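Below is one structure, written out as structure tokens; comments come after it.
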Amino acid sequence: MPAIAIIGAQWGDEGKGKATDLLGSSVDYVVKFNGGNNAGHTVVITQDDGTSEKYALHLLPSGILTPGCTPVIGNGVVVDLSVLFEEIDGLEKRGIDTSALKVSASAHVIADYNRQVDKVTERFLGSRRIGTTGRGIGPTYADKMNRIGIRIQDLFDEKILRSKVEGALELKNQILTKIYNRRGFTVDAIVEDLLQYADRLAPYVCDTGLLLHEALERGETVLLEAGQATLLDVDHGTYPFVTSSSATAGGACTGSGIAPSRLTQVIGIVKAYTTRVGEGPFPTELHDENGEFLRKAGWEFGTTTGRPRRCGWYDAVIARYAARVNGVTDFVLTKLDVLTGLEQVPVCVAYDVDGVRHDEMPVNQTDFHHAAPIFEYLPGWAEDISQARTFEDLPANAQAYVKRVEELSGARMSVVGVGPARDQSVVIHPLV
Ligand code: GDP
Ligand code: IMO
Ligand code: MG
């Protein structure tokens, strides 16, 4: 019966992959409902012999790593087919069975010209660039909204595919050649590139909305796993410095075909500090040795592009905002271990915008760009917490930090992460 959403509460990379993996064995389906291979989730699995295996996933839902769990790529995803099969092959080589994967017939595909448009647009934007991952995500969603997109199901009807590609290229080639002075693409090349995957893709493709509906009717558990995060959501994020999809709990429904009334739980993943990749405002960002400390201690380098992540202190204003927009029922506070060793830990409780205090997200982008954090300083701890498994195992100051950010953030802290491995978690309230 229950459908559970996992969403990012900040600007991404909060540890959604680990949280999904943590829940994996208690759920029957894990659905990726938005984004594409702009996402990067690192999952660390400890083997029975104590060694650990690290997996970097981009397009496949993290549930692919859990035996018995059906991974689903929902209609809200944009699919780069070459990346899909690269990832499948990579996992199969490491002994992971991917045969249960289901792919929505209505998901859109990222065509070559959209990767090209993404890259040249960024170059031409110059100082106004978004800092995208260059994977063609934005242009593919734009085509979807513009009703010139190519969908997975089109690959199984060559005539339709050809006519859709012709339609799209009429526009794209004009843009590429006349505005950006680049070479255009031929219909044949695009069609051939997409068709090469059709036979291999066919067994995975189905009506995933129906599949999930039937699973919920049978009383099975469906986990909806977001790519990106609330502040990168195209409606609710720091527009225009966002991704082009709906990464919030509402998107979990439109991107999967599950009715909103089915959602019983929304788990917000929030890091014990904040990071951001790419351009855009970031009130608690640190440009000093503290930022370096977080980047080094938290190994904050992008899973997808390898870019160093921008780092800053915990921002309770955006956590509260994420709790509100998504209806967060439980937070998972990740990477608390990274804060170990700090004498005191600042937490942003509100913003000062040109002399005016804001307890909520400012309405206007200009105000958010001017927001200066108002900090509360909490005492730090020096003890290694990576072996803590219960709340009582945490030193008093770490407990106080968790309690204070809980008070400020608008939902209970149910799990605290103290290391990258699945078992390095302090469960305060069991999630499922
Ligand atoms: P996602 O995009 O939200 O899935 O997050 P990423 O995988 O991009 O980034 C999170 C990183 O933090 C990964 O390298 C995880 O292995 C790691 N991680 C997750 N939870 C914890 C934690 O509690 N402590 C530490 N030290 N690392 C964690
Ligand atoms: P996960 O799922 C962090 C950022 C990019 C850029 C903006 C738009 O791992 O949390 P896009 O290529 O999506 O058009 O880029 O969004 N971005 C992410 N930042 N984590 C992600 O995913 C991201 N996916 C996109 O850096 O600023
Ligand atoms: Mg990531």
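Everything quoted here is computed from the prediction, not taken from an experiment. Indexing begins at 1, ligand by ligand and atom by atom, following the structure's order.
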What atoms of ligand 1 come within less than 4.0 Å of a heavy atom belonging to Arg309? 8 (O), 9 (O)
Please classify the Arg276 to ligand 2 contact at 4.0 Å (heavy-atom distances, strictly less than): side chain, backbone, both or neither. neither
Ring of Tyr55, cation from Arg94 - is the NZ or CZ under 6.0 Å from the centre and inside 45° of the axis? yes
Look only at interatomic distance and state if Gly40 has a nitrogen or oxygen under 3.5 Å from any nitrogen or oxygen of ligand 1. yes
Quick check: Asp118 and ligand 2, any N/O pair under 3.5 Å apart? no
Just need the protein heavy atom nearest to atom 24 (N) of ligand 1, so name the residue and atom and give the distance. Asp337 OD1, 2.8 Å
Would you check the N or O atoms of Lys335, main chain and side chain alike, for any that come under 3.5 Å of an N or O of ligand 1? yes
Provide the number and element of each atom of ligand 1 under 4.0 Å from a heavy atom of His41. 1 (P), 2 (O), 4 (O), 7 (O)
Closest to atom 3 (C) of ligand 2 (judged by heavy-atom distance), picking from Thr133, Thr132, Val78, Asp13: Asp13
Under 3.5 Å donor-acceptor, Asn34 side chain and Ala226 backbone: no
If you measure every N or O of Gly40 against every N or O of ligand 2, does any of those distances drop under 3.5 Å? yes
Number the atoms of ligand 2 from 1 as they appear, then name those within less than 4.0 Å of a heavy atom of Lys16, with their elements. 1 (P), 2 (O), 10 (O)
Please say whether Gly15 places an N or O atom under 3.5 Å from an N or O atom belonging to ligand 1. yes
Do any N/O atoms on Val44 end up under 3.5 angstrom from N/O atoms on ligand 1? no
So the atoms of ligand 1 within less than 4.0 Å of a heavy atom of Thr303 turn out to be 8 (O)
Can you name the N/O/S atom of Asp13 that is nearest the Mg ion (ligand 3)? OD1
Rounded to the nearest 0.5 Å, how far does CG of Leu65 lie from CG of Leu91? 6.5 Å
Nearest protein heavy atom to atom 10 (C) of ligand 1, by residue and atom, and its distance? Asp13 O, 3.7 Å
Looking only at non-hydrogen atoms, the one of Thr304, Asn37, Leu232, Thr243 nearest atom 4 (C) of ligand 2 is Leu232
To atom 22 (O) of ligand 2, the nearest of Glu14, Gln228, Arg135, Arg307 on a heavy-atom basis is Gln228
Quickly, which of Thr248, Val270, Asp233, Val266 forms a side-chain contact (heavy atoms from CB on, under 4.5 Å) with Ile7? Name it, please. Val266
Would Ala39 count as being in polar contact with ligand 2, using the rule that some N or O on each side must be under 3.5 angstrom apart? no
Counting backbone and side chain alike, does Gly40 bring an N/O/S atom below 2.8 Å of the Mg ion (ligand 3)? yes
Are the side chain of Glu14 and the backbone of Gln10 linked by a donor-acceptor contact shorter than 3.5 Å? yes
Atom 14 (O) of ligand 1 has as its nearest protein heavy atom Thr42 CB, 3.5 Å
Could you check which of Gly278, Ala229, Gly131 puts a non-hydrogen atom nearest to atom 6 (C) of ligand 2? Gly131
Quick check on Asp288: does its CG atom have over 12 non-hydrogen neighbours (other residues, nucleotides or ligands) under 6.0 Å away? yes
Got the closest protein heavy atom to atom 27 (O) of ligand 2, with its distance? Val277 O, 3.1 Å
Please list, in number order, the atoms of ligand 1 under 4.0 Å from a heavy atom of Gly17. 4 (O)
Would you mind checking which non-hydrogen protein atom is closest to atom 19 (C) of ligand 1, with the distance to 0.1 Å? Lys18 CD, 3.9 Å
Just checking, any donor-acceptor pair under 3.5 angstrom between side chains of Thr366 and Asn364? no
N or O contact, Gly419 vs ligand 1, cut-off under 3.5 Å: yes
Under 4.0 Å from a heavy atom of Val242: which atoms of ligand 2 are those, numbered in the order shown and with their elements? 7 (C), 8 (C)
Below a 4.0 angstrom heavy-atom separation, can you tell me which part of Trp11, side chain or backbone, both or neither, approaches ligand 2? backbone
